[in-house]
Structure formats: structure tokens, C-alpha cells
Amino acid sequence: MRPATIKTQVSSGGVIFRKNNDMVEIALVSVKGGRVWCLPKGIVDKGESSEKTAVREVSEETGLRGRIIEKLGEIKYWYYIKEGNIKCRKTVHFFLMEYEGGDVADHDWEVDSASWFQIDEALKKVNYKSEKGLLEKARKKLLQNECAVS
Ligand code: ATP
């Protein structure tokens, strides 16, 4: 078999939260027939900033509008695309976003569902280790009021 073609891909997404006294909720989406829970994200279009992509993708995938508070970090992983024998090296930027409006019932067809979870529940629910790391970081910031949240 010929060697795989290497491609790179950049996506951007958000940890969107709403706060009610000491309770912090985070929106997650499910994919792969509802088996995998993850943070909303999507491909950065040509000429688009990672911030703009994060706001757009969170809105499309979850039905929720949010404003960016700060960058949380980025994750990297490899995955293989059988059709075309492609190895893809992916980078995903993630932003902490405060909920401004919208309803998870308006999530789009690209995901199986979108739901709010208490942040500790979200930490248990999320499937990818790297995303758990980002949620831990967000949790710390939100519960210790380390960021400029109204
Ligand atoms: P996007 O949401 O950026 O448009 P996509 O839905 O096309 O992307 P990914 O979510 O990157 O694709 O999934 C491609 C492959 O990578 C899948 O097999 C998925 O299980 C795996 N994957 C997704 N996120 C992670 C992660 N954080 N760590 C490891 N593997 C991941």
C-alpha cells in the first residue's frame, strides 16, 4: 500500500457556559449516533478568524449565541481518513464563551443532539481526554471567578 498523504486541518470551537449563582452549565453536543459527547467546533473557513469560527460553529451546532471571554487553548490530534488514505493532523482552537441567547433545540443536523450539563456532569460526559483538559481549565476559571464574567 502506498504511504498515506498527510493533510492538516484547523478547526475552532467553544466552551459555552451559563452561570446561575454557584451553578455553572456547559453545552455539549453528541455525535456518532449520540454515542460521543464533545465540545461544539468546526472548520475555520478561508480568511475567517478562529474567534469568528468559534462563535459561528457554536451557534450552528448548538443553537446558542455566545460572546467570547478569552481563549482557553488548543488541542491537537491525528486521525485517519480511509477514503484517499489520508492522515490528518488536526488543531482545534477553543474559546471560553458566555451564553447570550438561543435554544439547544435549534441545534443543526450535523450533530445528534445538544444539551446543557452542570460542569461536573459535562466533565464526566465528554469523551475526548484533550477536551476534558479544556473543560477542567474552564471550570477552574469560572468557579474561581478568574475571568471577566458579568
Ligand atoms: P469538525 O467538527 O472540526 O468539522 P469533523 O466532525 O469532520 O470535524 P472530527 O471531530 O475532527 O471531524 O473527527 C475526526 C476523527 O477524529 C473522528 O474519528 C473523531 O473520533 C476523532 N476525534 C475528534 N476529536 C478528537 C479528540 N479531541 N481527540 C482525539 N480524536 C478526536
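By convention here, the first residue in the shown sequence is residue 1. Whatever order the structure lists ligands and atoms in, that order sets their numbers, starting from 1. No experiment lies behind these values; they were computed from the predicted model shown.
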Exercise for review: Could you note down all residue pairs passing side chain to side chain donor-acceptor pair (under 3.5 Å) where residues 117-132 supplies at least one of them, sequence neighbours left out?
Suggested key: D120-R139, E121-K124

Practice item. Determine yes or no for a side-chain-to-main-chain donor-acceptor pair under 3.5 angstrom, with K137 supplying the side chain and L72 the backbone. Key: yes

Check your understanding: When you check the gap from the basic side-chain N to the acidic O, do R18 and E25 get nearer than 4.0 Å?
Key -> yes

Review point. Which residues satisfy the side chain to side chain donor-acceptor pair (under 3.5 Å) test with D108, sequence neighbours excluded?
Key: none

Exercise for review: Collect the protein residues that have a non-hydrogen atom under 4.0 Å from ligand 1 and hand them over in chain and number order.
Suggested key: S11, K32, K41, G42, I43, I75, Y77, Y79, K90, Y128, S130

Practice item. Give a yes or no on whether W78 atom CH2 has more than 12 heavy-atom contacts from other residues, nucleotides or ligands under 6.0 Å away. Key: yes

Study note, to complete from the structure: So the salt bridge (Lys or Arg N to Asp or Glu O under 4.0 Å) pairs with at least one residue in residues 46-55 (sequence neighbours excluded) are E48-R56

